[in-house]
Amino acid sequence: MNPLIIPAKIDSPAVNLDKEKQLFEIKGKSLPENVNIFYQPIIDWFTEYFKNPNEETVLHFKLDYLNTASSKALLSLFLVVEEAIKNGKKAQVKWYYEEDDEDMKDIGEEYANIIQIPFEIIQIDNE
Amino acid sequence: MAIKANIQLLTDYLRQLNIDIQANNVILLYEGEVNHNTIKVLLITLEHRFKKSTLSRIVQKKIFNVLVECIQNIEKHTATLITENNEFCKRGSILIIEKPNEIVIFSGNLVDQEQKKYLLQKKLQLQDKNKQQLRSMYKQQLIEGTINHKGGAGLGFIDMARKTNNQIDFYFFGTNSDFNFFVNRIIINKIIYESVNNSSKNR
């Protein structure tokens, strides 16, 4: 399966999805002009990936900033992961937030409450 | 609905709220066309400005957050204007000022009666809501809302209220037409977040 690599921009995060390297990471600021255009290829990639995934999949989210439309799009992505787990696949999410960034921690907690995925919320030092 | 209208300036309306801009430290003032590129330019401007700022990172992030949602709200809920060249455009204004204990963010734009009605509904929804109630509203909208054709998820005002302890005010000023000039004021309390920042650093 081809990796999906999208470089970071001022308004969109870096996306590194590579089955072979077991790397599944979204990192940076997320406020793209059109969230559907940005996130749909990512959702499609995971939908395809979970047809034949690695033994275990760990998704890393290191978001510095997330606008509200992106938060909705991410929920759609998490629902794909949830569906895969329901179908017997092994996957988990690691959600990182900077020390003191209660807002980013809160949104992680919302997701953890809404979706049925092993969801770890991890504090990291300020950059 | 598109109109030919005189340009309305936020700074003119703020005088009616007795806001003396010159007495405050202006972090950012923008009046002009509003689109996605505006957001990108203003974010770069703020990032540059914050390099020399003593504001904590958490307050800086909240300012970014509110700025983005304000501009996206303007894009979604403003009257479309026709320029002198007969081109359509959306105009809006942003003012961010720093006071000793707080950051005050104003956004301004022209709204038609339908947009005013929508905004008044939003105001009513947020009125007197505490942190926990706002959290429930956010969660419900996150689950039930869909991304509409304007690219919104119906979360913008709730999110701003959550992140600022619901310190949001709406003002509507009459103009010489059927339109109102809408001013949104959002306050970020520096003291609360600076103290959170310091206390966690001292742990």
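So that the names make sense, note that chain A is the first sequence line, chain B the second, and so on, each numbered from 1. In this text the structure is predicted, and so the values were computed from the model without any measurement.
- For A/D101, the parts lying under 4.5 angstrom from a heavy atom of chain B are both the backbone and the side chain.
- In summary, the side chains of A/S30 and A/Y39 do present a donor paired with an acceptor at a separation below 3.5 Å, with no hydrogens or angles considered.
- For the 3.5 Å distance criterion, the side chains of A/S71 and B/Y138 qualify, holding a donor opposite an acceptor.
- For the ring pair (Phe, Tyr, Trp, His ring centres under 6.0 Å) with B/F181, the lone residue among B/F172, B/Y13, B/F106, B/F170 that qualifies is B/Y13.
- By the neighbour-count criterion of 12 heavy atoms within 6.0 Å, atom CG of A/N113 is densely surrounded, having more than that number from other residues, nucleotides or ligands.
- Checked against the 6.0 Å centroid threshold, A/Y65 and B/F64 do not count as a close aromatic pair.
- For A/K29, the part lying near chain B is the side chain, with the backbone staying farther off; criterion is any non-hydrogen pair under 4.5 Å.
- Looking only at atom types and distance, the side chain of A/N54 has no donor-acceptor partner in the side chain of A/T57 under 3.5 Å away.
- Contacts of B/I39 with chain A are made by side-chain atoms alone, with heavy-atom separations under 4.5 Å and no backbone atom involved.
- Between B/R162 and A/D106, at least one side-chain N (NZ, or NE/NH1/NH2) sits under 4.0 Å from a carboxylate O, which counts as a salt bridge.
- Identified by a heavy-atom distance below 4.5 Å to chain A, the contributing residues of residues 26-37 of chain B are B/H36, in residue-number order.
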List the atom pairs, with distances to 0.1 Å, where a side-chain N or O of residues 82-94 of chain A and a protein N or O form a donor-acceptor pair under 3.5 Å, not counting sequence neighbours.
from	atom 1	to	atom 2	distance (Å)
A/E82	OE2	A/Q116	N	2.6
A/N87	ND2	A/E83	O	3.2
A/Q92	NE2	A/E56	OE2	3.2
A/K94	NZ	A/E120	OE1	2.8

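- Put simply, of A/I10, A/D103, A/L31, the one with the most heavy-atom pairs under 4.5 Å next to chain B is A/D103.
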